[in-house]
Amino acid sequence: MTLSRRGLMAASAIGLAAPSISYGQSEAIRIGHLTPRTGFLGPLGEYAVQAVQLAAEEINAAGGINGRRLDLLMEDSVNPQTGSAKAERFVQRDKVAAIVGEINSATALAIAQVVNRERVLFLNTGANSDALRGADCQRFMFHVEGQNSMYVKTVGRALMEQGLVRGKKFYALTADYAFGHDLLRVAKRFMAENGGIVGGEDLIPTDLSDFSPFLLKIRQARPDLVVANLAGAQITNFLKQYSEFGLQFPVAGFGFDTALAWGAGQGNFLGTWPVMWHHLIQAPNAQAFVRAFTAKYNRPPENQAWGDYIALKLMARAMTETRGTDGMKIVEYFEGEGRTDILKSREGYFRKRDHQLMQEAYAITALPAREVRNRWDIFRASAAVPAANEPLDAIAATAEENACTFR
């Protein structure tokens, strides 16, 4: 029995044993990985690094890319200036064929400006800002990570079902940087369109650790809903302190990463939040990924891990299918809107007009403490959004909401 190269990649992706590979003498294909590994986004970056390393190992075990070994070069992006400089070094000195990664929206834009100039692909795995798919869109940047509109519309459906939008007063705490500003704009648009009322809002510095002044303001405002448009360690600190203050107002977030709930500690996770992926999805390939990641790192993957893992797999597949590393050919390949497995129940595709991956998302709600059986399975998830009878772009920004003209 023989396996095609794609078959070998697929076997590795779903956890099947692949035969040993003897590489030819061709030069290895270098792919750069940039993501924040320190600072308030560091906890997410750690998952990203582990997942992309696992993906690279699986790709190489399955024969590499057209018989060429994949070499993964990894750096801490830290901030936009550092991210831009390291992206430029990856391309000009290290001759990478592509870059994957990032979480910070401002840094993702800085990287995109480098790759667009150099005509090298960048797959964004964690930056959510709608602007990256709109006013700041770039021809050589594609987005595995969901945009803010997708997160807002997904959790918005759940909040409407709970009766927490129409005629209700919400108080928003928002991360004070590009991602947060964009998320607040999208969230306020959704709430206004569906009858929500602004009851208060504050911008939260990314290095803030003490939320008590803002929690006191929330207690005085007595909102119907507290909206946390926060990021990274901000969410973990907010959840811990909200529980300590004993506030009883319903909580929701319009952006989220499961690792931040895990980091809050037992009994501190609460509310309803959106995710692009979670470790309880029962699609066979999703559970194969969960098993492989857990066996290697002794903890399940979360949605940032999924983003970096699937991005490297998609990049390797594109290079295999186009039989090379030419940036424009890969752009055109992704713009063909071909459907592909993304470890969910439905296949996804990159939308040509803004390069956003069209995909399912989920709203998760914290389990009551009495129902929590372990430190990982602390929520129940909604059915996939959009529903099976809806197009995948039902939750994405429309062209009128977020127009993109590629540079």
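For the single chain, residues carry numbers from 1 onward in sequence order.
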Pairing donors with acceptors under 3.5 angstrom, does anything connect the side chains of His181 and Asp176? yes

Whether Asn268 side chain and Ala264 backbone form a donor-acceptor pair below 3.5 Å: yes

For Arg222, look at atom CZ and say whether over 12 heavy atoms of other residues, nucleotides or ligands are found less than 6.0 Å away. no

Please determine if Lys296 and Glu57 form a salt bridge, counting it only when a charged side-chain N lies under 4.0 Å from a carboxylate O. yes

Rounded to the nearest 0.5 angstrom, the CG-CZ distance for Asn194 and Arg166 is 6.0 Å

Audit row: Thr38, Asp76, side chain to side chain donor-acceptor pair (under 3.5 Å) steps and yes/no: CA-CA 7 Å; Thr38 53; Asp76 181 352; 3.0 Å; yes

When you look at Leu109 and Leu132, which way does the side chain to side chain contact (heavy atoms under 4.5 Å, CB included) test go after all the steps? CA-CA 7 Å; Leu109 175 58; Leu132 294 173; 3.7 Å; yes

When you check the gap from the basic side-chain N to the acidic O, do Asp130 and Arg133 get nearer than 4.0 Å? no

Parallel, tilted or perpendicular: rings of Tyr297 and Phe293 (30°, 60°): tilted

Do the side-chain N and O atoms of Asp354 and His143 include a donor-acceptor pair separated by under 3.5 angstrom? no

Hey, mind stepping through Gln138 and Gln113 against side chain to side chain donor-acceptor pair (under 3.5 Å) and telling me if it holds? CA-CA 7 Å; Gln138 307 281 344; Gln113 290 169 339; over 6 Å; no

Is there a ring pair (Phe, Tyr, Trp, His ring centres under 6.0 Å) between Phe256 and Phe269 once you walk through the steps? CA-CA 12 Å; Phe256 192 61; Phe269 180 46; 5.7 Å; yes

Is the shortest distance from a Lys or Arg side-chain nitrogen in Glu401 or Lys153 to a carboxylate oxygen in the other one below 4.0 Å? yes

Glu360 vs Val385, side chain to side chain contact (heavy atoms under 4.5 Å, CB included): CA-CA, chis, key distance, verdict: CA-CA 5 Å; Glu360 296 169 316; Val385 181; over 6 Å; no

Is a side-chain donor or acceptor of Asp224 paired with a backbone partner of Lys169 at a separation under 3.5 angstrom? yes

Taking side-chain hydrogen bond (donor to acceptor under 3.5 Å, both in side chains) as the criterion, tell me which of Thr322, Asp341, Thr340 meets it with Arg317. Thr340

State whether Arg139 and Glu335 are salt-bridged, where the test is any N-O pair (Lys NZ or Arg NE/NH1/NH2 against Asp/Glu carboxylate O) under 4.0 Å. yes

List the steps and the verdict of ring pair (Phe, Tyr, Trp, His ring centres under 6.0 Å) for Phe289 and Tyr309. CA-CA 9 Å; Phe289 170 49; Tyr309 177 88; 4.1 Å; yes

I want to know whether Phe40 and Tyr177 have ring centres closer than 6.0 Å. yes

Can you confirm if the NZ or CZ of Arg299 lies within 45° of the ring axis of Tyr47 and under 6.0 Å from the centre of its six-membered ring? yes

Using the side chain to side chain donor-acceptor pair (under 3.5 Å) rule, take Thr174 and Glu201 through it: C-alpha gap first, then chi angles, then the decisive distance, then the call. CA-CA 8 Å; Thr174 301; Glu201 56 183 270; over 6 Å; no

More than 12 foreign heavy atoms under 6.0 Å from CZ of Arg353: is that the case here? yes

Any carboxylate oxygen within less than 4.0 angstrom of a Lys/Arg side-chain nitrogen, looking at Glu321 and Lys329? no

Measure from the side-chain N and O atoms of Asn229 to the backbone N and O of Leu184, and report whether any donor-acceptor pair falls under 3.5 Å. no

If we ignore angles and hydrogens, is there a donor and acceptor under 3.5 Å between the side chains of Asn66 and Thr320? no

Closest contact, heavy atoms only, Gly126 versus Asn124: N-OD1, 3.0 Å

Other residues, nucleotides and ligands only: do more than 12 of their heavy atoms fall within 6.0 Å of CD on Gln248? no

Measuring from atom CZ of Phe142 to atom SG of Cys137, what distance do you get when rounded to the nearest 0.5 angstrom? 11.0 Å

Could you go step by step and tell me if His355 and Met141 meet the side chain to side chain contact (heavy atoms under 4.5 Å, CB included) rule? CA-CA 7 Å; His355 292 179; Met141 175 169 56; 5.7 Å; no

Report the distance from atom CD of Gln162 to atom NZ of Lys168, rounding to the nearest 0.5 Å. 12.0 Å

Euclidean distance, Leu260 CG relative to Thr236 OG1, rounded to 0.5 Å: 4.5 Å

For Arg373 and Arg370, indicate whether the former's side chain and the latter's backbone hold a donor-acceptor pair under 3.5 Å. yes

Closer than 3.5 angstrom, by distance alone: can the side chain of Gln234 be matched with the main-chain N or O of Ala231 as a donor-acceptor pair? yes

Could you tell me which non-hydrogen atom of Gln304 sits nearest to which non-hydrogen atom of Glu102, and how far apart they are? NE2-O, 4.4 Å

Look at the aromatic rings of Trp277 and Trp306 and report parallel, tilted or perpendicular, splitting at 30° and 60°. parallel

First locate atom OG1 of Thr272, then atom CD1 of Ile364, and finally report the distance between them rounded to the nearest 0.5 Å. 9.0 Å

Mark yes when over 12 heavy atoms from residues, nucleotides or ligands other than Asn374 sit less than 6.0 Å from its CG; otherwise mark no. yes

Checking Thr82 against Ser77 for the side chain to side chain donor-acceptor pair (under 3.5 Å) test, could you report, in this order, the C-alpha distance in whole Å, the side-chain angles of both residues, the deciding distance, and whether it holds? CA-CA 6 Å; Thr82 300; Ser77 54; over 6 Å; no

Flag the pair Lys86 and Glu75 as a salt bridge only when some basic side-chain nitrogen lies within less than 4.0 angstrom of an acidic carboxylate oxygen. yes

Give the intermediate values and the outcome of salt bridge (charged side-chain N to carboxylate O under 4.0 Å, His left out) for residues Arg93 and Glu88. CA-CA 8 Å; Arg93 186 193 71 181; Glu88 193 164 288; over 6 Å; no

Can you tell me how far apart OG1 (Thr258) and CH2 (Trp273) are? Round to the nearest 0.5 Å. 11.5 Å

From CA spacing to verdict: side chain to side chain contact (heavy atoms under 4.5 Å, CB included), Ile99, Phe90: CA-CA 8 Å; Ile99 295 174; Phe90 269 164; 4.3 Å; yes

Tightest non-hydrogen contact, residues Phe179 and Leu230, listed as CE2-O, 3.5 Å

Residue pair Gln359 / Ile395: nearest heavy atoms and the distance that separates them: O-CD1, 4.1 Å

Of all heavy-atom pairs linking Val120 and Val96, the shortest is CG1-O, 4.2 Å

Are the charged groups of Glu400 and Arg189 less than 4.0 angstrom apart, N to O? no

Ring-plane angle category for Phe379 and His278, please: parallel below 30°, perpendicular beyond 60°, tilted otherwise. perpendicular

Whether over 12 other heavy atoms sit under 6.0 Å from Gln266 CD: no

Mind checking whether Tyr151 and Phe254 have ring centres under 6.0 Å apart? no

Write down the atom of Pro386, the atom of Pro391, and the distance for their closest heavy-atom approach. CG-O, 3.3 Å

Quick check: does any side chain N or O of Arg30 sit under 3.5 Å from a backbone N or O of Asp94, one acting as donor and the other as acceptor? yes

